[in-house]
2 protein chains.
Amino acid sequence: MAKIKNKHNATKKEVIVEAATRLFREKGFKAASMRDLAEAVGVEAASLYNHIQSKEELLQEICFKVANAFNQHCEEVENSDLGSIQKVEAILRFHIRMMLEQYEMVIVADRDWKHLSDPYLSNYHNQRRTYRKRLAGIIEKGIENAEVKPVDAPTVVLIMLHAVNGIESWHRSKEKISARQLEENMVLIMIDGLKA
Amino acid sequence: MAKIKNKHNATKKEVIVEAATRLFREKGFKAASMRDLAEAVGVEAASLYNHIQSKEELLQEICFKVANAFNQHCEEVENSDLGSIQKVEAILRFHIRMMLEQYEMVIVADRDWKHLSDPYLSNYHNQRRTYRKRLAGIIEKGIENAEVKPVDAPTVVLIMLHAVNGIESWHRSKEKISARQLEENMVLIMIDGLKA
DNA sequence: GGCCAACTAACTGCCGTTCGTTTGTATATT
DNA sequence: AATATACAAACGAACGGCAGTTAGTTGGCC
């Protein structure tokens, strides 16, 4: 009954999910076929179904892995005793690091979650809405105690969450600055603005 | 030979492209079918081909309409005698307004351009790269004459171009602030930062 | 009568998935 | 040590369905 693992200590299902993550990121969920995926894994398409239930299950795994990571971190930050702007910075930095280290699954979740079907679709959709509200709440608190400029909090959330998606292009660029430099630049720009 | 126009002074092909833009934005290019599109236009799928050549042609029209708009505006700004930070702000505001007024085609172009095939694919890809380099150039000029903070210019470009994509969520949100307020908030945050 | 644009019908091809079977291997039995 | 058993995991073939697209035809308008 023990799960069969390969050399890297990973279930075959985990191997499939990893390959699917790469493939979905590259082609998009709809455009990636199970035969593509099978080839990437080194197996016939039919064999995949010994380990997974459906194509959508793969998308579910990816989406909720990402959602859980962000929710868990957000909760930690909320329960900390950091100042408002420090909380915002902490969350921003977490998003940046996720995009640096796990960007394929973050992008797939962000771009393709709409291809989930209920009840997963509405579940994910709710989590997304809730997360943004929590983040907006932190920012509004910061505005109240004058740590943050008086701006529209939901707009800040939009900007922050989408700005980090730009890191996808960084991964593909030739002349990369270091990950560390990228993070510091992004935080500086978002928190302190562009103007000298 | 004169093009047949309908009541709104639009070619039937233009009507189809508009419906396709809405449909592609909603479902994604791959997931949207020609039969879906036909239904939206009020016609059978086969009838579409009296006006268009292929599904991909629709995507081409959308992508290059967007690309041309941004390239043209960028050129105007470059040739103006504005200061560096004003140039950046002008381009940022143009992106915001495009996302406010034409967001469906902007999003489709940005999300689905990878489904183009050569030579359109590499053409679009090149235009995209060139545009970002031009924008980075403006920012670097601004850093040289101390109008802009000494930050990594390509990173600024990434942030700016992706941040405006957040406006897609604004369109769907219930309690919207006005478009005018949104624009001013976004510009303020990007140019002056979050910190009070 | 000519022509544009709609229709119905159908084709090819790929999609996700299922089926029944074979293969390989780890364990139990002799 | 050799053989039999059991079971996970691979396979090839095929399914129904929907995709984009084509062909041939019909109807209506100048």
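Chain letters run A, B, ... following the sequence lines, proteins first, then strands; residues in each count from 1. Just so it is clear, the model here is predicted, and its values are computed rather than measured.
Taking atom CG on A:L37 and atom C1' on C:dC14, their separation rounds to 16 Å, with Å as the unit. If you take CG of A:L48 and P of C:dT18, they are 12 Å apart, rounded to a whole angstrom. If you take NZ of A:K13 and P of D:dA9, they are 12 Å apart, rounded to a whole angstrom. Protein atom CZ of B:R35 is 11 Å distant from nucleotide atom C1' of C:dA9, rounded to whole Å. The separation between A:I52 atom CD1 and C:dT18 atom C1' is 13 Å, rounded to whole Å. For the pair B:K27 NZ and D:dC18 C1', the computed distance is 13 Å after rounding to whole Å. The separation between B:I16 atom CD1 and C:dA5 atom P is 10 Å, rounded to whole Å. Look at CD on A:E39: it is 14 Å from P on C:dC14, rounded to the nearest Å.
B:R128 has a carboxylate O that lies under 4.0 Å from a charged side-chain N of B:D110, or vice versa, which qualifies the two as a salt bridge. In this structure, A:E26 does not pair ionically with A:R22, as no charged nitrogen and carboxylate oxygen lie closer than 4.0 Å. B:K87 and B:E76 are not joined by a salt bridge, as no carboxylate oxygen comes within less than 4.0 angstrom of a charged side-chain nitrogen. For the pair A:D36 and A:K27, the salt-bridge criterion is met [side-chain N within less than 4.0 Å of a carboxylate O].
Side-chain contact, B:Q181 with A:D152: no donor N or O sits under 3.5 Å from an acceptor N or O.
When the nucleotides D:dT21, C:dA6, C:dG16 are ranked by their closest atom to the side chain of B:K12, C:dA6 comes out on top.
The residue B:A32 sits close only to the backbone: its heavy atoms come under 4.0 Å of sugar-phosphate atoms, none of a base.
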Under 3.5 Å, which N/O atoms of the protein pair with N/O atoms of nucleotides 11-13 of chain D?
from, atom 1, to, atom 2, distance (Å)
D:dC11, OP2, A:E44, N, 2.4
D:dC11, OP2, A:S47, OG, 2.9

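Residue A:H51 places at least one side-chain N or O closer than 4.0 Å to OP1 or OP2 of D:dA10.
A perpendicular orientation is assigned to the rings of B:F24 and B:F29, their planes being inclined by more than 60° (bins at 30° and 60°). Using a 30° and 60° split on the angle between ring planes, B:H95 and B:F70 fall in the parallel class, below 30°.
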